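Report on one structure; see the data block that follows.
Every value quoted in this text rests on a predicted model; they were computed, and no experiment measured them.
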Amino acid sequence: MSERDIALIDDLRGRSGENAWLEFKKDNVDQKMIAKRISALSNAARVLEQDFAYMVWGIEDADHAVIGTAFDPDTKTVGNTVLSLWLSQQLNPTPAFTFRTVNHPDGRVVLLEIPAASIAPVCFDSIAYIRIGSATPKLSDHPEQFQRLIDNIRPFS
């Protein structure tokens with residue numbers, strides 16, 4: 001059990017709600033949803049000058065209670081391909097995301113830590129996404145966010 005991960009999960013749960021770089025899920029494990037969210041969260045993290053973005057499974061949206069999850073990213077496959085590899089193949093450039101299963105004292109949680117975009121907007125299926133509140137629109141529909149993302153990436157590239 002990683003004390004650091006438990007502390008991180010508790011810190012994220014203590015926030016007022018989901019935001020552009022944080023999303024809670026119960027058990028939605030659709031691979032296309034995950035890929036789209038990785039794109040949006042990574043891009044939004046850089047726009048907001050955060051080092052990382054997070055998706056956390058096993059957390060109730062309304063009150064941030066730990067409810068646990070059956071999602072196991074290590075055994076989830078898309079066809080015959082392990083989820084992590086499939087995601088890496090679908091995202092460009094691929095952020096060095098990590099899934100971690102955490103045995104929180106209140107239940108099993110899966111933490112997806114996503115580095116902020118650093119060399120270019122992260123795209124899924126050739127489309128860059130962004131988080132606006134809890135929505136996930138195309139980055140191209142928000143030119144002011146796109147410009148801010150590019151400005152914030154420049155020091156890294």
Looking at every heavy atom in both [X] and [Y], which two are closest together, and how far apart are they?
X      : Y      : result
Pro137 : His142 : CG-NE2, 3.4 Å
Asn103 : Arg108 : OD1-CG, 4.3 Å
Asn19  : Arg131 : O-NH2, 3.5 Å

About how many Å separate [atom2] of [Y] and [atom1] of [X], when rounded to the nearest 0.5 Å?
X      : Y      : atom1 : atom2 : value
Ile34  : Glu23  : CD1   : CD    : 10.0 Å
Leu22  : Gln50  : CG    : CD    : 10.0 Å
Glu144 : Leu149 : CD    : CG    : 12.0 Å
Asp51  : Ser118 : CG    : OG    : 11.0 Å
His64  : Ile59  : NE2   : CD1   : 8.5 Å

Identify whether [X] and [Y] are in the same connected component of the hydrophobic contact network (ILVMFWY, side-chain heavy atoms under 4.5 Å).
X      : Y     : result
Val102 : Met55 : no
Ile9   : Phe52 : yes
Val56  : Trp21 : yes

* **Stepwise side-chain contact (heavy atoms from CB on, under 4.5 Å) check, Leu111 with Leu12** => CA-CA 11 Å; Leu111 176 69; Leu12 296 172; 4.2 Å; yes
* Side-chain donor/acceptor of Glu18 to backbone N/O of Phe24, under 3.5 Å ->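 Looks like yes, one N/O pair under 3.5 Å.
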* Asked: Where the side chain of Asp125 meets the backbone of Ile127, is there a donor-acceptor pair that is under 3.5 Å apart?
  -> no
Please list, one pair per line, the donor and acceptor atoms closer than 3.5 Å that link side chains of residues 84-95 to other protein atoms, with sequence neighbours excluded.
{"residue": "Ser88", "atom": "OG", "partner": "Ser84", "partner atom": "O", "Å": "3.0"}
{"residue": "Thr94", "atom": "OG1", "partner": "Ser88", "partner atom": "O", "Å": "2.9"}
{"residue": "Thr94", "atom": "OG1", "partner": "Leu91", "partner atom": "O", "Å": "2.9"}

Test item: [X] and [Y] side chains (from C-beta on) under 4.5 Å apart, heavy atoms:
X      : Y      : value
Trp57  : Leu112 : yes
Phe124 : Lys32  : yes
Leu83  : Val29  : no

* **Pairing residues for Glu113 by the side chain to side chain donor-acceptor pair (under 3.5 Å) criterion, not counting sequence neighbours** => Tyr54, Arg100
* Asked: Listed by chain and number, what are the side chain to side chain donor-acceptor pair (under 3.5 Å) partners of Arg13, not counting sequence neighbours?
  ->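 Per chain and number, Arg13 pairs via side chain to side chain donor-acceptor pair (under 3.5 Å) with Asp10.
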* **For Asp151, salt bridge (Lys or Arg N to Asp or Glu O under 4.0 Å) partners two or more places apart** =>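 Once residues adjacent in sequence are excluded, the partners of Asp151 under the salt bridge (Lys or Arg N to Asp or Glu O under 4.0 Å) criterion are Arg154.
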Only pairs under 3.5 Å count here: list side-chain donor-acceptor contacts from residues 66-74, not counting sequence neighbours, and write none if there are none.
{"residue": "Thr69", "atom": "OG1", "partner": "Lys26", "partner atom": "O", "Å": "3.3"}
{"residue": "Thr69", "atom": "OG1", "partner": "Asp27", "partner atom": "OD1", "Å": "2.4"}
{"residue": "Thr69", "atom": "OG1", "partner": "Phe71", "partner atom": "N", "Å": "3.1"}
{"residue": "Asp72", "atom": "OD1", "partner": "Asp74", "partner atom": "N", "Å": "3.0"}
{"residue": "Asp72", "atom": "OD2", "partner": "Thr75", "partner atom": "OG1", "Å": "3.4"}

Show me, pair by pair, the donor-acceptor contacts under 3.5 angstrom made by side chains of residues 41-48, not counting sequence neighbours?
{"residue": "Ser42", "atom": "OG", "partner": "Pro115", "partner atom": "O", "Å": "2.8"}
{"residue": "Ser42", "atom": "OG", "partner": "Ala117", "partner atom": "N", "Å": "3.0"}
{"residue": "Asn43", "atom": "OD1", "partner": "Val122", "partner atom": "N", "Å": "2.8"}
{"residue": "Asn43", "atom": "ND2", "partner": "Ser39", "partner atom": "O", "Å": "3.0"}
{"residue": "Asn43", "atom": "ND2", "partner": "Val122", "partner atom": "O", "Å": "3.0"}
{"residue": "Asn43", "atom": "ND2", "partner": "Tyr129", "partner atom": "O", "Å": "2.8"}
{"residue": "Arg46", "atom": "NE", "partner": "Ala117", "partner atom": "O", "Å": "2.6"}
{"residue": "Arg46", "atom": "NH2", "partner": "Ala117", "partner atom": "O", "Å": "3.4"}

